2 protein chains.
Amino acid sequence: MSIATAKDTRDTERGSRRLILDHAARLLRNGGYHRATLREIAEAVGIRKASLYYHFASKEEIVEEVVNDGVRFVHEAVVAALAETEGAAPRERLEAAIHAHLAALHGHGDYTSASIKVFTFGAGPVPESVRAVRRAYEDVWRGLIAELQQAGALPAERAPDALRNFLLGALNGSTDWYRPERFRIDALAREFSELLSPAR
Amino acid sequence: MSIATAKDTRDTERGSRRLILDHAARLLRNGGYHRATLREIAEAVGIRKASLYYHFASKEEIVEEVVNDGVRFVHEAVVAALAETEGAAPRERLEAAIHAHLAALHGHGDYTSASIKVFTFGAGPVPESVRAVRRAYEDVWRGLIAELQQAGALPAERAPDALRNFLLGALNGSTDWYRPERFRIDALAREFSELLSPAR
DNA sequence: ATCTGACTACCTACCGGACGGTAGGTGAAT
DNA sequence: ATTCACCTACCGTCCGGTAGGTAGTCAGAT
């Protein structure tokens with residue numbers, strides 16, 4: 001551990017960054033871009049508002065990082081689920097992907113749900129990085145849907161774009177009604193996947 | 001013209017209210033509760049901000065009316081579509097209801113899409129009237145889904161609550177991706193209804 | 001062993017502007 | 001004379017962001 005001291009410094013730095021992002025994610029999830037204020041975030045972290053500017057250049061930079069983190073987390077979870085079920089029955093892969101998406105959405109702090117709530121930024125357009133990260137994740141589903149249609153697990157005569165928008169909209173909409181005490185994620189994943197791709 | 005003048009006055013009054021609500025709906029749709037400001041609304045209407053308080057008691061009152069109008073409009077559209085297809089094949093009724101929902105969502109000014117965007121109010125809880133209007137509309141779908149499951153047009157083994165949340169989430173999510181030049185509502189309604197209830 | 005200077009991770013104090021809302025006035029119509 | 005449908009002017013509060021200071025850490029020079 002020769003680099004220990006350097007690492008400690010950077011860990012501390014990252015610790016503060018992470019703490020700020022954690023609270024920002026929670027506030028963004030609960031109120032969206034315009035309701036989440038730097039004052040609230042700073043107060044939750046336990047520092048003064050101006051100190052946020054030591055770690056970030058602007059509010060938008062904080063939001064951007066939260067949103068991208070959230071999407072990337074779901075992305076990686078779904079990719080991992082698909083890798084684990086490689087070669088399995090198509091319906092199983094669909095269920096695994098839906099399960100991974102829902103689990104990431106409702107299990108990863110508030111990042112992922114914040115990233116859904118905050119699809120509109122304050123001033124000007126959505127940053128390019130956010131659009132890119134989103135698109136990359138959508139591509140995973142584009143690929144999966146094509147695969148499932150080819151395998152006959154999803155009806156080939158359905159328009160893939162409509163299918164993807166429909167499914168992702170339904171899954172992301174769960175942030176509005178999902179309550180852990182009322183639903184179980186594995187049960188929901190099974191419900192949804194069998195609805196789209198019934199066992200015959 | 002004794003009645004006519006009185007009518008004119010009331011028409012004018014309603015005209016102003018309606019104009020305010022129209023612009024409020026547009027701004028709420030585009031930015032949600034916290035981004036839509038009374039100054040912007042007033043400026044769009046062409047009056048001073050303080051004059052809004054002649055017609056409404058508070059910002060929340062304006063938002064409440066927009067949101068309820070929006071939900072009620074979809075509600076009535078779907079109920080009408082179901083009345084028109086009474087006795088028809090279950091799959092046809094499902095498609096008619098989905099079509100009515102989508103058409104109302106993307107065709108009725110900005111009220112309905114605003115009501116989806118604004119599910120969180122500024123301070124305190126969502127007004128009771130809003131919750132009631134929402135619940136009433138959900139009940140329409142509760143009834144339709146029960147009917148379709150009984151008729152075998154939707155799989156009876158799917159949990160009705162999950163089914164309803166899934167479908168309404170998918171339909172409402174269309175506000176994020178629907179563009180009139182890229183999709184046709186009747187095509188989407190057919191896609192979605194056949195996806196859930198395929199012709200065999 | 002001690003001083004120095006850079007760097008880190010905050011702080012206090014303040015800025016101009018926008019927010020929702022209020023007070024009180026005004027001209028036209030009834 | 002009263003009511004309607006607006007107006008101007010203003011309130012206190014909060015917004016994101018900036019300026020500039022400071023205690024603590026630590027490497028390297030003296």
Side-chain angles (χ1 to χ4, degrees), chain A residues 1-24 27-28 30-66 118 120-124 127, chain B residues 1-24 27-28 30-66 118 120-124 127:
Chain A
M1 286 261 174
S2 56
I3 350 171
T5 42
K7 220 186 167 195
D8 281 354
T9 304
R10 296 176 98 221
D11 275 354
T12 301
E13 184 193 333
R14 279 213 215 133
S16 262
R17 269 184 82 91
R18 187 46 61 194
L19 208 57
I20 291 167
L21 292 172
D22 282 350
H23 287 283
L27 291 164
L28 284 167
N30 291 338
Y33 184 93
H34 294 281
R35 184 163 193 200
T37 67
L38 297 182
R39 278 169 179 81
E40 273 183 312
I41 293 170
E43 193 187 354
V45 173
I47 60 175
R48 305 298 150 196
K49 179 199 46 152
S51 306
L52 296 174
Y53 285 86
Y54 176 76
H55 299 279
F56 300 93
S58 65
K59 178 181 184 180
E60 299 215 349
E61 198 178 288
I62 297 178
V63 176
E64 184 174 339
E65 193 150 332
V66 167
V118 184
T120 302
F121 272 58
Chain B
M1 281 239 193
S2 59
I3 305 180
T5 42
K7 219 183 162 201
D8 280 355
T9 303
R10 294 176 97 224
D11 276 355
T12 302
E13 185 195 330
R14 281 213 214 131
S16 262
R17 268 185 81 90
R18 186 47 61 194
L19 208 58
I20 292 168
L21 291 172
D22 283 350
H23 287 283
L27 291 164
L28 285 167
N30 290 339
Y33 184 94
H34 294 279
R35 186 166 195 198
T37 68
L38 296 182
R39 278 169 178 79
E40 273 182 312
I41 295 170
E43 193 186 354
V45 174
I47 60 176
R48 305 297 151 195
K49 178 200 46 155
S51 306
L52 296 174
Y53 286 85
Y54 176 76
H55 299 281
F56 300 92
S58 65
K59 179 181 183 179
E60 299 214 351
E61 198 179 290
I62 297 178
V63 177
E64 185 174 339
E65 192 150 332
V66 167
V118 184
T120 301
F121 271 60

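Worth saying up front: this structure is predicted, and the values here are computed from it rather than measured. Just so it is clear: chains get the letters A, B, ... in the order the sequence lines come, proteins before strands, and each one is counted from 1.
- By the neighbour-count criterion of 12 heavy atoms within 6.0 Å, atom CD of A:Glu43 is sparsely surrounded, having that number or fewer from other residues, nucleotides or ligands.
- From A:Ile41, atom CD1 reaches atom CG of A:Leu21 across 9.0 Å, with rounding to the nearest 0.5 Å.
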Considering only nitrogen or oxygen atoms on both sides, find all protein atoms under 3.5 Å from nucleotides 16-19 of chain C and state each distance.
residue, atom, partner, partner atom, Å
C:dC19, OP1, B:Thr37, OG1, 3.2
C:dC19, N4, B:Arg39, NH2, 3.4

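- Atom-to-atom, CD of B:Glu60 to C1' of C:dG20 comes out at 11 Å; the value is rounded to the nearest Å.
- Note on A:Ser51: every side-chain N or O is 4.0 Å or more away from OP1 and OP2 of C:dA9.
- If you measure from atom CG of A:Leu28 to atom P of D:dG16, you get 11 Å, rounded to the nearest angstrom.
- Looking at every heavy atom in both residues, A:Val45 comes nearest to A:Ile20 through CG2-CA, 3.7 Å.
- In this structure, B:Ile62 and B:Leu38 have side chains that are in contact, with non-hydrogen atoms separated by less than 4.5 Å.
- In this structure, the CD1 atom of A:Ile47 is 8 Å from the C1' atom of C:dC10, given to the nearest Å.
- Under 4.0 angstrom from either OP1 or OP2 of C:dC10 there lies no side-chain N or O belonging to A:Tyr54.
- Put simply, CZ on B:Phe121 is 16 Å from C1' on C:dG20, counting in whole angstrom units.
- Atom CZ of A:Arg48 is separated from atom C1' of C:dC10 by 10 Å (rounded to the nearest Å).
- Here the C1' atom of nucleotide C:dG20 and the CD atom of B:Glu61 are 14 Å apart, to the nearest Å.
- At least one side-chain nitrogen or oxygen of A:Ser16 sits closer than 4.0 Å to the OP1 or OP2 atom of C:dC10.
- We find that OH of A:Tyr53 is positioned 17 Å from P of C:dC15, with the value rounded to whole Å.
- Across all their heavy atoms, B:His34 and A:Gly31 have their closest contact at CD2-O, 4.2 Å.
- Here C:dG20 presents its C1' atom at 15 Å from CD1 of B:Ile20, a figure rounded to the nearest Å.
- In this structure, of C:dC10, D:dA19, D:dC6, it is D:dC6 that holds the atom nearest to the side chain of B:His55.
- Applying the salt bridge (charged side-chain N to carboxylate O under 4.0 Å, His left out) test to A:Glu65 and every residue at least two apart in sequence or in another chain returns A:Arg17.
- Side-chain atoms of B:Tyr33 and B:Lys59, non-hydrogen and from C-beta on, do get closer than 4.5 Å to each other.
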